[in-house]
Protein chains: 2
Amino acid sequence: MQYSEAKERYIEAWGSLGSSWGVNRTMAQIHALLMIATEPLTTENIMEELKISRGNANMNLRALLDWGLAKKVLKPGERKEYFVTDKDPMVLATQVAKERKKRELDPIIKLLEEVSTVQGGNEEAKEFRKVTADLKGFAKQADSVLNTFIQSNANWFFKILGKLTR
Amino acid sequence: MQYSEAKERYIEAWGSLGSSWGVNRTMAQIHALLMIATEPLTTENIMEELKISRGNANMNLRALLDWGLAKKVLKPGERKEYFVTDKDPMVLATQVAKERKKRELDPIIKLLEEVSTVQGGNEEAKEFRKVTADLKGFAKQADSVLNTFIQSNANWFFKILGKLTR
DNA sequence: TATAATTTTCAATAATATTTGAAAGTTATG
DNA sequence: CATAACTTTCAAATATTATTGAAAATTATA
């Protein structure tokens, strides 16, 4: 396969995969581009490569910075901002896990804490308490696992696999 | 908190959480409703509770069936279809993991297999091969962990936590 | 088989999310 | 401080996705 074709397919696939790790298509594509770049890219580079507007490029770059998935680098003597991403997939996974935990898991645990205190002795209230309490317990376990993951090192997967299959 | 308020907040939260596990809002809300229901629900029950159209209810119920997150039950002597969901959060997590692996992870591994064979000796091609090979390796590890999860029992989280913190 | 009950489909519509592009804002430099 | 280089903002336009509702299809029953 030719480089240009491979690159195109990879960027497109990464973009549509984006929604599965909670970011929009363009944001994921910019990330994909940074992953395979051999040196830091400017907003203009990204606009050209992905054929998107300046505003779009800017907004999604800021979102990537916000997620901790890209950072600015400065070149001495230049005013332009350059962007890079960490190329280690484990760092990517860790950052995504961290952000999604913060944005999704923490709020749902908080909500379940609240609603599972619902009053009432009728069947519906009882069932509601049971289900929401179960979900809360599960969410907290997931939270523990994520925390362990976020804090641990790059061999996490290997460790788990080793231990589980022992 | 009153039951009606708790229920409303829980359903709404579950709905907006939906996108984080890859399903749309209404689908997640129907699932939420089935989770706290004390008995099987009909399409009409769901239309009323969520104030949605018949077509919408039908489409999303079918999607839930497709994901293995709901199933039909028949009541003897009745023509209407009733729906239930498994109330164990671990079963939910397992089903979601299974479907998302199939829909997202498997295709990306396949794509990475292909594009990482890109030809060329220039710096860009080399970098591309390295990055996509790393991603592929990572994706395969994730795949292994998911397979273990899907096949294993409900104490998975406890086991891992115990082992990791040992 | 005709009728009634129920489910499914899908084109039209509505709602939501993303993108553009030009103007406004910011910052470095002569 | 004036200008140029660059970045950010945001209202309007576009694109995408979800929803409706009525007609068509299906299925059970008399």
Side-chain angles (χ1 to χ4, degrees), chain A residues 11-34 40-67 69-84 103-104, chain B residues 11-34 40-67 69-84 103-104:
Chain A
I11 287 176
E12 177 168 330
W14 208 248
S16 47
L17 192 66
S19 62
S20 72
W21 40 284
V23 308
N24 78 37
R25 205 175 59 101
T26 302
M27 185 172 157
Q29 288 185 335
I30 294 176
H31 181 261
L33 203 53
L34 291 174
L41 301 181
T42 62
T43 302
E44 302 236 326
N45 294 151
I46 291 161
M47 289 165 59
E48 278 168 30
E49 290 266 14
L50 300 180
K51 304 203 178 356
I52 59 175
S53 71
R54 182 175 303 283
N56 196 8
N58 183 265
M59 295 239 293
N60 285 106
L61 274 168
R62 280 195 297 107
L64 283 172
L65 295 176
D66 191 43
W67 275 70
L69 292 174
K71 58 183 183 188
K72 290 183 183 177
V73 295
L74 309 169
K75 290 199 180 180
E78 289 210 43
R79 280 183 60 182
K80 265 205 274 291
E81 293 177 331
Y82 288 78
F83 298 90
V84 293
R103 291 164 199 239
E104 293 158 10
Chain B
I11 288 177
E12 177 169 329
W14 208 248
S16 45
L17 192 67
S19 60
S20 72
W21 40 283
V23 307
N24 78 36
R25 205 175 60 101
T26 301
M27 186 173 156
Q29 288 185 337
I30 294 176
H31 181 261
L33 204 54
L34 292 173
L41 301 180
T42 63
T43 302
E44 303 234 325
N45 294 150
I46 290 161
M47 290 166 59
E48 279 168 29
E49 290 265 14
L50 301 181
K51 302 196 178 3
I52 59 175
S53 72
R54 182 175 304 282
N56 196 8
N58 184 265
M59 294 240 292
N60 285 108
L61 274 168
R62 280 196 297 107
L64 283 171
L65 295 176
D66 192 42
W67 275 70
L69 292 174
K71 58 183 183 188
K72 289 183 183 177
V73 295
L74 309 168
K75 289 199 182 182
E78 289 209 43
R79 278 184 62 183
K80 265 205 272 292
E81 292 177 332
Y82 289 77
F83 299 90
V84 293
R103 291 166 199 238
E104 293 158 11

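Bear in mind the structure is a predicted one, so any value in this text is a computation, not a measurement. Because only heavy atoms are used, hydrogens play no part in the values below, and waters and symmetry mates are left out as well, while side chains stay in. Chain letters run A, B, ... following the sequence lines, proteins first, then strands; residues in each count from 1.
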Quick one: does B/Ile30's side chain get under 4.5 Å of B/Leu61's, heavy atoms only? yes
Between CZ of B/Phe83 and P of C/dT6 the distance, given in whole Å, is 13 Å
Atom CG of A/Leu50 and atom P of C/dT18 are separated, to the nearest Å, by 16 Å
Rounding to the nearest 10°, end axes of the helix from C/dT1-D/dA30 to C/dG30-D/dC1 built from five pairs each make an angle of 10°
Between B/Lys71 and B/Asp66, does a salt bridge (charged side-chain N to carboxylate O under 4.0 Å, His left out) hold up when you go through it step by step? CA-CA 9 Å; B/Lys71 58 183 183 188; B/Asp66 192 42; over 6 Å; no
Residue set satisfying side chain to side chain contact (heavy atoms under 4.5 Å, CB included) with B/Arg25, at least two apart, ordered chain then number -> B/Gln29
Minimal heavy-atom distance between B/Leu65 and B/Phe83, with the atoms involved, is CD1-CE2, 4.2 Å
To the nearest angstrom, the CD-C1' distance between A/Glu78 and D/dA4 comes to 16 Å
Here the distance between atom P of D/dT7 and atom CG of A/Leu41, to the nearest Å, is 13 Å
Between B/Asn60 and B/Asn56, the two heavy atoms sitting closest are OD1-OD1, 2.8 Å
B/Leu74 atom CG is separated from D/dT27 atom C1', nearest whole Å, by 13 Å
Atom NZ of B/Lys80 and atom C1' of D/dT27 are separated, to the nearest Å, by 15 Å
For B/Leu74, the side chain to side chain contact (heavy atoms under 4.5 Å, CB included) test, sequence neighbours excluded, returns none
With sequence neighbours left out, the residues meeting side chain to side chain contact (heavy atoms under 4.5 Å, CB included) with A/Ala63 are A/Met27
Between protein and nucleic acid, restricted to nucleotides 24-29 of chain C and to nitrogen or oxygen atoms under 3.5 Å apart, what atom pairs and distances do you find?
from	atom 1	to	atom 2	distance (Å)
C/dT27	O2	A/Arg79	NH2	2.7

For this session: Establish, for the pair B/Lys72 and B/Tyr82, whether the NZ or CZ atom is under 6.0 angstrom from the six-membered ring centre and no further than 45 degrees off its axis.
Result: no
Rounded to whole Å, OH of B/Tyr82 lies from C1' of C/dT7 at a distance of 15 Å
A/Arg54 meets the side-chain hydrogen bond (donor to acceptor under 3.5 Å, both in side chains) criterion, sequence neighbours left out, with A/Glu44
Think B/Asn58 has a side-chain N or O under 4.0 angstrom from the OP1 or OP2 of C/dT8? yes
For B/Arg79, the side chain to side chain contact (heavy atoms under 4.5 Å, CB included) test, sequence neighbours excluded, returns none
Across all chains, not counting sequence neighbours, the side-chain hydrogen bond (donor to acceptor under 3.5 Å, both in side chains) partners of A/Asn45 are A/Thr42
Any N/O pairs under 3.5 Å between the protein and nucleotides 12-15 of chain C? List them or say none.
none

Between the protein and nucleotides 19-21 of chain D, are there any N/O to N/O pairs under 3.5 Å, and if so, what are the atom names and distances?
from	atom 1	to	atom 2	distance (Å)
D/dT19	OP1	B/Thr26	OG1	2.7
D/dT19	OP2	B/Thr26	OG1	3.1
D/dT19	OP2	B/Asn56	OD1	3.3
D/dT20	OP2	B/Ser53	N	2.7
D/dT20	OP2	B/Ser53	OG	3.1
D/dT20	OP2	B/Asn56	ND2	3.1

Nearest heavy-atom contact between B/Ala28 and B/Gly18 is CB-CA, 3.7 Å
note: A/Leu65, atom CG; D/dT8, atom C1'; distance rounded to Å ~ 13 Å
Sequence neighbours excluded, the answer for side-chain hydrogen bond (donor to acceptor under 3.5 Å, both in side chains) partners of B/Trp67 is none
side-chain hydrogen bond (donor to acceptor under 3.5 Å, both in side chains) filter on B/Glu12, not counting sequence neighbours, yields none
